[in-house]
There are 2 protein chains.
Amino acid sequence: MTKSRQAPKRERILDVAEELFALRGYDGVTLRQIAKDAGVDVALASYHFGKKLDLFNAVFERRAAHLNSARLDALKACQASAGAAGPSVEQIIEAFLRPLELAQETGDPGWQNYLALIAYINNSPYWGPRMMSKLFDSLVSAFISALRDALPGARDEDIYWCYHNLSGALTLTLAQTGRIDKLSGGKCRSADFQAAYDHMIPFVAAGFREVCGRANGR
Amino acid sequence: MTKSRQAPKRERILDVAEELFALRGYDGVTLRQIAKDAGVDVALASYHFGKKLDLFNAVFERRAAHLNSARLDALKACQASAGAAGPSVEQIIEAFLRPLELAQETGDPGWQNYLALIAYINNSPYWGPRMMSKLFDSLVSAFISALRDALPGARDEDIYWCYHNLSGALTLTLAQTGRIDKLSGGKCRSADFQAAYDHMIPFVAAGFREVCGRANGR
DNA sequence: ACCGCATTTCAACAAGCGTTGAAAAATATT
DNA sequence: AATATTTTTCAACGCTTGTTGAAATGCGGT
């Protein structure tokens, strides 16, 4: 069995597919476009990945495990560094979000495209339920469980709705639509990840505390 | 020039296109699918709307003016009812969001589909910058301006980033992906609009106040 | 130098796409 | 009742799509 050194064309197909799928969605991209941008024959995508949907899944899964474990590690680390009282809401949210910022800040456009693709999938009524669950549910559950401990007395329902709001704010940030750039007249730039997360974290933490505050009166 | 009574088939095409575009996106839907679901010949869509892209725009614009003025009216009403000090952050956000809840609660699935389509467009790096600006920018500016008054001393940059988070949370809610349903084990339902907005409003208001708080120290 | 296997290209397919011009049907005008 | 206009269908076009089988190329083992 030959070790078959990593053929660069295979990766190039994944890279281009990642970029185009993130920009135009699954149906907005043709295999021929991908092949052309990758400098490769059309049939090569089918040879390596099978059907178009399989290529889509391959793109989705290529970085999923790495991203998942990075976020889970961050959560564990913040739990370990916190005392017996456990980490604060800010610390948990920070652990949930910062690995994404770091990925975007590597300068590797692949990660930015990948996260924009995740945003596309997560916001889609069709793809979201079909693809997000299997890979991200356990991570989200761990995160929610940590939040439950940090918010004693909070109702589960409230925590889930707050998470929903967090997920939405994050998703739009990942999508990198550039809308905020125009709206703010250049004062905010979607590509300024640090500013985005620096504002998102206290925003979300305050929301959690307001809605899930101790005396859970409504 | 005949008055040409409203042909019902034209509206049926719009309704079906609205529903399918919201679910699968622009490229995920064919004119033949739309025509079939509407019980109509393929050519009829071209006759009424021209190219496929024109139909997409027609769907987008059909309800845009109505929605925009409803939200603007709500903003004016809350400004009028408030004293000289102007409305609070909660009141402004409420005015921004409640008309959407009301539209979703009419029971007319058309409005739900339409708002899911808006979510699709707003979250798309391709369609967002292309379609959202022309129709929604003035509304958002009015809303931001009101927030500026309600948050004296806040930096514009902070306000815009907070609006970005609000927009994200709202977008995911409009998309109705149903992810929260599964995650929460049924405790939260995406179709329970009242619960969604009841949680979103205090969440967002608290975020604004935290990030744009009076002593704008960071 | 030859062989076996993985990789890549070539060529072509059947199906479905958006679009269009002309015919048919329905509706309005006179 | 006859005519003009709008609405709808029919039939077809040129093109692109995803996919496939066979041929060509590259490459490590012997």
Side-chain angles (χ1 to χ4, degrees), chain A residues 1-62 117 120-121 124 126-127 130-131, chain B residues 1-62 117 120-121 124 126-127 130-131:
Chain A
M1 48 186 69
T2 330
K3 193 57 191 307
S4 97
R5 69 174 181 77
Q6 185 65 283
K9 295 199 176 185
R10 201 190 121 107
E11 289 294 306
R12 245 188 299 156
I13 292 175
L14 283 172
D15 288 340
V16 172
E18 191 171 54
E19 180 186 345
L20 295 182
F21 281 146
L23 181 62
R24 302 295 308 259
Y26 178 77
D27 300 289
V29 179
T30 70
L31 292 178
R32 292 177 145 86
Q33 240 175 94
I34 295 172
K36 190 175 189 179
D37 285 18
V40 150
D41 188 88
V42 198
L44 195 57
S46 298
Y47 167 73
H48 279 301
F49 304 101
K51 314 283 189 188
K52 183 185 182 186
L53 187 57
D54 297 324
L55 169 59
F56 192 60
N57 278 306
V59 170
F60 180 77
E61 281 169 19
R62 176 166 59 149
L117 179 63
Y120 160 75
I121 292 172
S124 160
Y126 181 78
W127 296 109
R130 226 163 281 246
M131 302 186 67
Chain B
M1 50 190 66
T2 332
K3 195 56 194 307
S4 97
R5 69 170 181 78
Q6 185 67 283
K9 294 199 176 185
R10 202 189 121 106
E11 288 295 305
R12 243 187 303 156
I13 292 175
L14 284 172
D15 289 340
V16 172
E18 192 172 54
E19 179 186 346
L20 295 182
F21 281 145
L23 181 63
R24 301 295 308 259
Y26 177 77
D27 300 289
V29 180
T30 71
L31 292 178
R32 293 177 143 87
Q33 239 174 97
I34 295 173
K36 189 175 189 179
D37 285 19
V40 150
D41 188 87
V42 197
L44 194 58
S46 299
Y47 167 73
H48 278 301
F49 305 100
K51 314 284 187 186
K52 183 186 181 185
L53 187 57
D54 298 323
L55 170 61
F56 192 59
N57 278 306
V59 170
F60 180 76
E61 282 169 21
R62 175 167 59 151
L117 178 64
Y120 160 75
I121 292 172
S124 159
Y126 181 78
W127 297 108
R130 227 161 282 244
M131 303 186 66

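Per chain, numbering begins at 1; letters A, B, ... match sequence-line order.
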Query - Minimum-distance pair of heavy atoms, taken over all atoms of D37(B) and L20(B) - result: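 Closest approach of D37(B) to L20(B), heavy atoms only: OD2-CD1, 4.0 Å.
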Report summary line: Correct closest heavy-atom pair for F21(B) and Y120(B) would be O-CD2, 4.5 Å
In whole angstrom, give the distance that lies between atom [atom1] of [X] and atom [atom2] of [N].
X      : N       : atom1 : atom2 : result
Q33(A) : dT17(D) : CD    : P     : 7 Å
I34(B) : dC17(C) : CD1   : P     : 11 Å
L53(A) : dG18(D) : CG    : P     : 12 Å
R12(B) : dT7(D)  : CZ    : P     : 15 Å
F56(B) : dC17(C) : CZ    : P     : 18 Å
L44(A) : dA6(C)  : CG    : P     : 15 Å
L31(B) : dG16(C) : CG    : P     : 16 Å
L55(A) : dT17(D) : CG    : C1'   : 15 Å

Of the candidate nucleotides [options], which contains the atom at the shortest distance from the side chain of [X]?
X      : options                   : answer
D41(B) : dT19(D), dC10(C), dC10(D) : dC10(D)
V40(A) : dT6(D), dT9(C), dG18(C)   : dT9(C)
K9(A)  : dG18(C), dT9(C), dT19(D)  : dT9(C)
A43(A) : dT8(C), dT20(D), dT20(C)  : dT20(D)

Query raised in the report: Under 4.0 angstrom, heavy atoms only, what part of the nucleic acid is T30(B) near: base, sugar-phosphate, or nothing?
Result: sugar-phosphate
Requested in this report: Would you state whether a donor and an acceptor, one from the side chain of R32(B) and one from the base of dG16(C), lie under 3.5 Å apart?
Outcome: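 Side chain to base: no pair present.
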Does [X] put a side-chain nitrogen or oxygen below 4.0 Å from OP1 or OP2 of [N]?
X      : N       : value
H48(A) : dT8(C)  : yes
K52(B) : dC17(C) : no
Y47(A) : dT7(C)  : yes

Query raised in the report: So, do F49(A) and L14(A) sit near enough that their side-chain heavy atoms are less than 4.5 Å apart?
Result: yes
Query raised in the report: With a distance cut-off below 6.0 Å to the six-membered ring centre and an angular limit of 45° from the axis, does K51(B) pair with F56(B) as a cation-pi contact?
Result: no
Query raised in the report: Looking at Y126(B), does the NZ or CZ of R130(B) lie under 6.0 angstrom from its six-membered ring centre and within 45 degrees of the ring axis?
Result: yes
